[in-house]
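Values below: every heavy atom of this structure, side chains too, minus hydrogens, waters and symmetry copies. We name chains A, B, ... by the order of the sequence lines, and we start the count at 1 in each one.
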There are 2 protein chains.
Amino acid sequence: MSDRSGRTRRRGDDLINAIHTAVLEEVVEVGVGRLTMDGIGKRAATPRSTLYRRWSDPVEVLLDALYHAHPVEEPTPGADDLRGDLIRALKLMVTWTLSPAGRAVAAILTDPLSATKMSEALQERVFAHRGGTFTSTVLRHYAERGAFPAGRLTPVVADIGEALVVKRLLDGMPPSDSDLIDFVDQAILPALGLSAPSSDSDRADAATPRPPA
Amino acid sequence: MSDRSGRTRRRGDDLINAIHTAVLEEVVEVGVGRLTMDGIGKRAATPRSTLYRRWSDPVEVLLDALYHAHPVEEPTPGADDLRGDLIRALKLMVTWTLSPAGRAVAAILTDPLSATKMSEALQERVFAHRGGTFTSTVLRHYAERGAFPAGRLTPVVADIGEALVVKRLLDGMPPSDSDLIDFVDQAILPALGLSAPSSDSDRADAATPRPPA
DNA sequence: AACATAAGCTACAGTCGTGTATCTAATGCT
DNA sequence: AGCATTAGATACACGACTGTAGCTTATGTT
């Protein structure tokens, strides 16, 4: 119902999707500050008038695109495998962050003039569904099951994984899978009072909780 | 040597400093993408011609300003106080990050078109002096003194503090002093195999690291 | 088949930033 | 005091983006 062949003119959702895709591409390429109706229109192969019929300026188009972007998969803690689930959660995050929508969010968050406009609704939709909730979904799950002392699950600890991912992205070097494993083994698990499975320097017996002093 | 009174016309370093200040202010206000020679010129109260005599485009002005910005204080590990020094290092980082230069660096790092241009020289000058070296200076110092197992000081662990700070800044909530204490107690020290001074809250009486098991 | 809707096309005046080119006059040096 | 520099003040043509407006015509509906 959206790609019947002989058509020469897009309408409704068809058109809007094309425009959404275009803004996302555009913002990744030129940044929020250089977004223009012209650029978006050219990329979507639609005249500016069509854009102005719906949105008042480029940032509005972008915000709308973000609002309609598919939310990321949520990490679903499954088996009895905290470490594995954490790694999977971070992997999800990296995947999303590297997607057009993820990059666009990063762009808008760091733009002084548009960061303001993205308040309320979007903040919620964009962040509630993924913002900082990649690892914390997992962590809460295992905290309830007593896999580690519940008191250890502070806001700071819930942020460690995401923070490390974000820092690497900012440094221009997206974390590889083995980086993610290191994040979990060397930062998150120790903060929970657990130790990593086994490694050369850090010879721990198993994934046994080691209570602090 | 730079503000003799009766003068009506700035020259040399005087002028250049004014321009540097102007770009930094401008970029914080409008973002890298909307930087213009016009805007910089107006803010510095200098005609565009003067700008073009020295730089070819707004981003060059910005890069030059960053290059000449005062580098941050380096954290100097002093007494035998790992925890205190870590907190101080993070405090230094936050201070710098909130300064015009810090904000400008953040802006340029996240701009798709200018991130490329800032390679080489600036990368080194800007990052060598602070990039990720706030806590790691401290950490290396204490690792050599055997305050914790040297093998614990991995690149990941050296990043934890900075990562958490960066994440909070991105979230629009610059970390308070007590946040920084939490970062150290709940994330960095555990990753080193150490535990925070007093467990329940943060009674910062004994700033002495306590070895684990 | 006729109609309402909305996309596509084109044109326009207006604004803003760009580079460049003059000209002037303030400043620092000798 | 005289001179070389170089900031400051225009002015200019050019291009990019902006909103808006008017027209044509594809599309889905009835």
Side-chain angles (χ1 to χ4, degrees), chain A residues 1-23 25-27 29-65 68 107 111-114 117, chain B residues 1-23 25-27 29-65 68 107 111-114 117:
Chain A
M1 71 193 194
S2 68
D3 62 335
R4 293 235 296 290
S5 51
R7 294 236 285 330
T8 72
R9 198 177 281 193
R10 297 158 301 181
R11 284 182 83 148
D13 289 348
D14 246 15
L15 176 62
I16 294 189
N17 289 335
I19 294 174
H20 284 165
T21 311
V23 215
E25 288 176 11
E26 189 80 1
V27 77
E29 195 169 310
V30 306
V32 182
R34 299 185 194 87
L35 262 193
T36 65
M37 288 301 214
D38 232 58
I40 300 167
K42 268 174 189 137
R43 193 180 284 265
T46 205
R48 285 204 313 283
S49 35
T50 302
L51 297 178
Y52 281 112
R53 272 169 202 142
R54 272 176 233 269
W55 302 280
S56 60
D57 75 276
V59 173
E60 292 299 326
V61 187
L62 175 57
L63 290 174
D64 197 42
H68 287 94
D111 181 70
L113 292 189
S114 43
K117 305 181 65 174
Chain B
M1 68 188 193
S2 68
D3 61 336
R4 292 235 296 288
S5 51
R7 296 235 285 332
T8 74
R9 199 177 278 196
R10 298 158 299 181
R11 283 181 81 140
D13 289 349
D14 246 14
L15 176 62
I16 293 190
N17 288 336
I19 294 174
H20 284 166
T21 311
V23 215
E25 287 176 12
E26 188 80 2
V27 76
E29 194 169 311
V30 306
V32 183
R34 299 186 195 85
L35 262 193
T36 65
M37 288 301 215
D38 233 58
I40 299 166
K42 270 173 189 137
R43 191 179 286 265
T46 205
R48 286 203 312 285
S49 37
T50 302
L51 297 177
Y52 281 112
R53 272 170 201 138
R54 272 174 233 271
W55 302 281
S56 61
D57 75 276
V59 173
E60 292 298 326
V61 187
L62 175 58
L63 291 175
D64 197 41
H68 291 279
D111 181 69
L113 293 189
S114 44
K117 306 180 67 175

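Residue order along DNA chain D, read from the 5' end via each residue's closest nucleotide, puts A:Arg48 first among A:Arg53 and A:Arg48. Checking B:Arg10 against B:Asp38, the closest nucleotide of DNA chain C that is more toward the 5' end is the one next to B:Asp38. Nearest-nucleotide positions on DNA chain C place A:Ser49 closer to the 5' end than the other of B:Arg11 and A:Ser49.
With rounding to whole Å, B:Leu15 atom CG is found 13 Å from D:dT5 atom C1'. In this structure, the CG atom of A:Asp13 is 17 Å from the P atom of D:dT27, given to the nearest Å. Across the protein-nucleic acid pair, B:Glu26 atom CD and C:dC16 atom C1' stand 14 Å apart, rounded to whole Å.
For B:Thr36 and C:dC16, the shortest distance from a side-chain N or O to OP1 or OP2 is not below 4.0 Å.
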For this session: Determine, stepwise, if the pair B:Asn17 / B:Arg10 fulfils side-chain contact (heavy atoms from CB on, under 4.5 Å).
Result: CA-CA 10 Å; B:Asn17 288 336; B:Arg10 298 158 299 181; over 6 Å; no

Problem set entry | Check against side-chain contact (heavy atoms from CB on, under 4.5 Å), A:Arg54 and A:Asp64 | CA-CA 10 Å; A:Arg54 272 176 233 269; A:Asp64 197 42; over 6 Å; no

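The side chain of B:Pro47 lies closest to D:dA9, out of C:dT20, D:dT20, D:dA9.
Rounding to the nearest 0.5 Å places CG of A:Asp13 at 9.5 Å from NE2 of A:His20.
Here A:Arg34 lies out of heavy-atom contact (under 4.0 Å) with every strand. Within the nucleic acid shown, A:Thr46 comes within 4.0 Å of sugar-phosphate atoms alone, with no base atom in reach, counting heavy atoms only.
If you run side-chain contact (heavy atoms from CB on, under 4.5 Å) between A:Trp55 and each of A:Thr50, A:Ile40, A:Val61, A:Leu63, only A:Val61 comes through.
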